[in-house]
Amino acid sequence: MKIAVYPGSFDPVTYGHLDIIRRASSMFDELIVAVMCNSAKTPLFTLDERVKMLKESVKDLSNVRIESFSGLLIDYCKENDIHIVIRGLRAITDFEYELQIAQTNKELSHDQVDTVFLTTNLKYSYLSSSVVKEIASYKGDITPCVSDFVADALYKKYESK
Ligand code: ADP
């Protein structure tokens with residue numbers, strides 16, 4: 001059985017992430033979307049909130065599972081016997097960083113973990129969680145970027161701040 005993991009912060013999940021999830025899920029028997037609990041970043045949404053929004057977003061995809069993890073991705077891969085990592089590429093600016101991480105993971109895992117890159121769907125190439133948060137913080141229209149329930153959660157977050 002071919003299992004892949006798609007790790008990320010997903011703070012919050014956007015249509016760009018969902019496009020990668022859908023496409024990756026059709027290439028593998030099982031796709032685990034692993035939400036990072038990263039102490040170096042201060043996310044807007046709690047880990048629990050990010051996991052819930054992802055679960056709601058992928059409920060029609062039977063071979064996609066949402067999990068969370070902390071620590072090194074390669075340790076998570078080893079514990080779960082996963083050898084393929086999925087990452088999305090939007091632009092050349094993503095490439096340099098992603099290449100370095102992919103090579104580090106390959107090296108640290110003694111060639112046990114490879115990264116597969118999926119290029120962005122052009123209509124979402126401008127999209128990032130940060131851009132969506134910025135627009136939402138000024139009450140701008142984010143309906144082209146995220147699902148309605150994610151948009152509601154974003155507006156509520158900024159209202160309460
Ligand atoms: P991270 O904090 O690890 O960068 P993100 O949640 O921002 O996590 O992104 C997770 C992955 O999804 C990354 O590989 C990123 O390049 C990819 N991604 C984010 N937005 C898009 C998009 N609009 N199109 C394609 N891939 C994307």
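Because the structure is a prediction, the values reported are computed rather than measured. Count residues from 1 along the sequence. For ligands, and for the atoms within them, numbers begin at 1 and follow the listed sequence.
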Query raised in the report: Which is it for L118 and ligand 1 at heavy atoms under 4.0 Å: side chain, backbone, both or neither?
Result: neither

Query raised in the report: If you take all heavy atoms of R23 and T119, which pair is closest and at what distance?
Result: NH2-O, 2.8 Å

Requested in this report: Could you tell me the separation between the CZ atom of R87 and the OG1 atom of T115, rounded to the nearest 0.5 Å?
Outcome: 8.5 Å

Query - atom 5 (P) of ligand 1 - nearest protein heavy atom and its distance - result: H17 NE2, 3.7 Å

Query raised in the report: Any idea which protein heavy atom is nearest atom 24 (N) of ligand 1, and the distance to it?
Result: T120 OG1, 2.9 Å

Report summary line: Nearest non-hydrogen protein atom to atom 4 (O) of ligand 1, with distance, is R87 NH2, 3.5 Å

Requested in this report: Treat each ILVMFWY residue as a node, draw an edge where side-chain heavy atoms are under 4.5 Å apart, and state whether F149 and L44 are in one component.
Outcome: yes

Query raised in the report: Considering all heavy atoms of both residues, which atom of D141 and which atom of Y155 are nearest to each other, and what is their separation?
Result: CA-OH, 3.8 Å

Query raised in the report: What is the closest protein heavy atom to atom 21 (C) of ligand 1, and at what distance does it sit?
Result: R90 CD, 3.6 Å

Report task. State, without any angle test, whether T46 and D48 hold a side-chain donor-acceptor pair at a distance under 3.5 Å. Result -> no

Query - atom 8 (O) of ligand 1 [closest protein heavy-atom partner, distance rounded to 0.1 Å] - result: S9 N, 3.1 Å

Requested in this report: For M36, take its heavy atoms, then give the atoms of ligand 1 lying under 4.0 Å from any of them.
Outcome: 3 (O)

Query - Enclosure of E107 CD (heavy-atom neighbours >12, cutoff 6.0 Å) - result: no

Query - Min heavy-atom dist T14 to ligand 1 below 4.0 Å - result: no

Query raised in the report: Going hydrophobic residue to hydrophobic residue with side-chain gaps under 4.5 angstrom, can you get from I21 over to V116?
Result: yes

Query - Sub-4.0 Å heavy-atom approach of Y6 to ligand 1 - result: yes

Report summary line: of all protein heavy atoms, closest to atom 6 (O) of ligand 1 is F10 N, 2.9 Å

**Report entry** Any N or O of G8 closer than 3.5 Å to N or O of ligand 1
**Finding:** no

Query raised in the report: When clusters are formed by joining ILVMFWY residues with side-chain heavy atoms under 4.5 Å apart, either directly or through shared neighbours, do L99 and I86 land in the same one?
Result: no

**Report entry** Atoms of ligand 1 close to I20 [distance to a heavy atom under 4.0 angstrom, numbered from 1]
**Finding:** 25 (C), 26 (N)

**Report entry** Whether F10 and H17 hold their rings parallel, tilted or perpendicular, with breakpoints at 30° and 60°
**Finding:** perpendicular

Report task. Could you find the nearest protein heavy atom to atom 23 (N) of ligand 1 and give me its residue, atom name and distance? Result -> Y124 O, 2.8 Å

Query raised in the report: Starting from atom 16 (O) of ligand 1, which protein heavy atom do you reach first, and at what distance in Å?
Result: G88 O, 2.6 Å

